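Taking it in order: structure first as structure tokens, then the write-up.
Convention: sequence-line order gives letters A, B, ...; per-chain numbering from 1. All of these numbers come straight from a predicted model, not from anything done at the bench.
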There are 2 protein chains.
Amino acid sequence: MSDISSYRCTVAVTLEVIGGKWKSLILWHLSFKTLRFSQLQRRLSTVTQKMLTQQLRELEANGLVHREVYAEVPPRVEYSLTELGRSVVPILEMMCQWGKDYLETSEGQAPQECRVG
Amino acid sequence: MSDISSYRCTVAVTLEVIGGKWKSLILWHLSFKTLRFSQLQRRLSTVTQKMLTQQLRELEANGLVHREVYAEVPPRVEYSLTELGRSVVPILEMMCQWGKDYLETSEGQAPQECRVG
DNA sequence: CATAATGGTTACTTTTTAGATACTACAGTA
DNA sequence: TACTGTAGTATCTAAAAAGTAACCATTATG
């Protein structure tokens, strides 16, 4: 049963780290380029400020995202992926591909590209 | 921006399908062998009957799990992975490996094996 | 002097999720 | 006759998550 218990731990850990409501989407956007808080907020359109802050704080606490504060007025805060953060991108790409296949086969939707460009 | 919107759809879809509280663990157990409801319940020790039923119904609705009811008394119901269900196992294994690496590097825990045996 | 912009925090409320408990059908067994 | 086992469902409650709105500091601009 060691396979079971270690599974439980490690997949649960991964889901805790990237499974949050906005986390994978944040990581995805940051995988393209460093972004400011307001830029992220615009890209996630329906996210509330509170949720974006919260999710970013958790990603930062887990070491996936780096937060750089510039001493300016008005303040500027930039978010970027750490090396650890970049290491989850292949998982996101795999999930993206699976989701795409799933939609195609089970719902007959038009094919979609993962990470175009 | 088509990369972004298609990302949102497909990774979100994948997370909806396998991101539930017990789903990935259920899939993991079923990847070894077909199990009855009560067998799954014992393996997931702390799951409530309601949650197990609910998660299984959703997995079934998404086509990952097959539910076979035998007309016996007392009733016997067996759950197994469909082909689609088996196709998510590599993602689970990847998440398992990432979680393992994450625990090792960020928390200095003892190494754990993914899917021993 | 009032307003805008940035990147938040805090308090309060609503919504969602999960837990606990009781109940069901049916046949076999004591 | 009462009890057991299976695989649930239904209902009510508690806890967690998320939304809403107001507030903060600072400086530049009008």
#### Entry: Close approaches to DNA chain C from residues 52-62 of chain A, in residue order (heavy atom, under 4.0 Å)
A/T53, A/R57

[X] near the nucleic acid: base, sugar-phosphate alone, or nothing, with a heavy-atom cut-off under 4.0 Å?
| X | value |
| --- | --- |
| A/Q41 | nothing |
| B/K21 | sugar-phosphate |
| B/Y79 | sugar-phosphate |

#### Entry: Distance, nearest 0.5 Å, that separates CD of B/Q39 from CD of B/E78
7.5 Å

### Task
Supply the atom-to-atom distance A/F37 CZ to A/L52 CG, rounded to the nearest 0.5 angstrom.
4.0 Å

### Task
Decide if atom CD of B/E72 counts as having more than 12 heavy atoms of other residues, nucleotides or ligands within a radius under 6.0 Å.
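Atom CD in B/E72 is crowded, with more than 12 foreign heavy atoms closer than 6.0 Å.
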
### Message
Can you work out whether A/T46 or B/E78 has the more 5'-proximal nearest nucleotide on DNA chain D?
### Response
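The answer here is B/E78.
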
### Task
Indicate if A/F32 and A/Y79 have the same hydrophobic cluster label, given that clusters are the connected sets of ILVMFWY residues with side-chain heavy-atom separations under 4.5 angstrom.
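Yes; tracing contacts between hydrophobic side chains, which count when under 4.5 Å, links both residues.
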
### Query
If only atom types and distance count, is the side chain of B/R86 paired as donor or acceptor with the main-chain N or O of B/L81 below 3.5 Å?
yes

### Message
Has A/T82 got a side-chain atom pairing as donor or acceptor with A/L64's backbone, closer than 3.5 angstrom?
### Response
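Yes, because the side chain of A/T82 sits within donor-acceptor range (under 3.5 Å) of the backbone of A/L64.
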
Output one line per pair: protein atom, nucleotide atom from nucleotides 1-6 of chain C, and distance, for all N/O pairs under 3.5 Å.
| unit_1 | atom_1 | unit_2 | atom_2 | d |
| --- | --- | --- | --- | --- |
| C/dT6 | O3' | A/R36 | NH2 | 3.2 |
| C/dT6 | O3' | A/P75 | O | 2.8 |

Whole angstroms only, please: what is the [atom1]-[atom2] distance between [X] and [N]?
| X | N | atom1 | atom2 | result |
| --- | --- | --- | --- | --- |
| A/K50 | D/dA22 | NZ | P | 15 Å |
| B/Q49 | C/dC23 | CD | C1' | 11 Å |
| B/E72 | C/dA27 | CD | P | 13 Å |
| B/Q39 | D/dG8 | CD | P | 13 Å |

Under 3.5 Å, which donor-acceptor pairs do the side chains of residues 90-99 of chain A form with other protein atoms, sequence neighbours left out?
| unit_1 | atom_1 | unit_2 | atom_2 | d |
| --- | --- | --- | --- | --- |
| A/Q97 | NE2 | A/D101 | OD1 | 3.1 |
| A/W98 | NE1 | B/S87 | OG | 2.9 |

### Shortest non-hydrogen separation from A/I18 to B/L15 and the atoms involved
O-CD1, 4.5 Å

### From D/dA7, D/dA18, C/dG19, nucleotide with atom closest to B/R67 side chain
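Of the options given, the side chain of B/R67 lies nearest D/dA7.
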
### Task
Please tell me if the side chains of A/L30 and A/L40 come closer than 4.5 Å, counting only heavy atoms from C-beta onward.
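Yes. Closest side-chain heavy atoms under 4.5 Å.
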
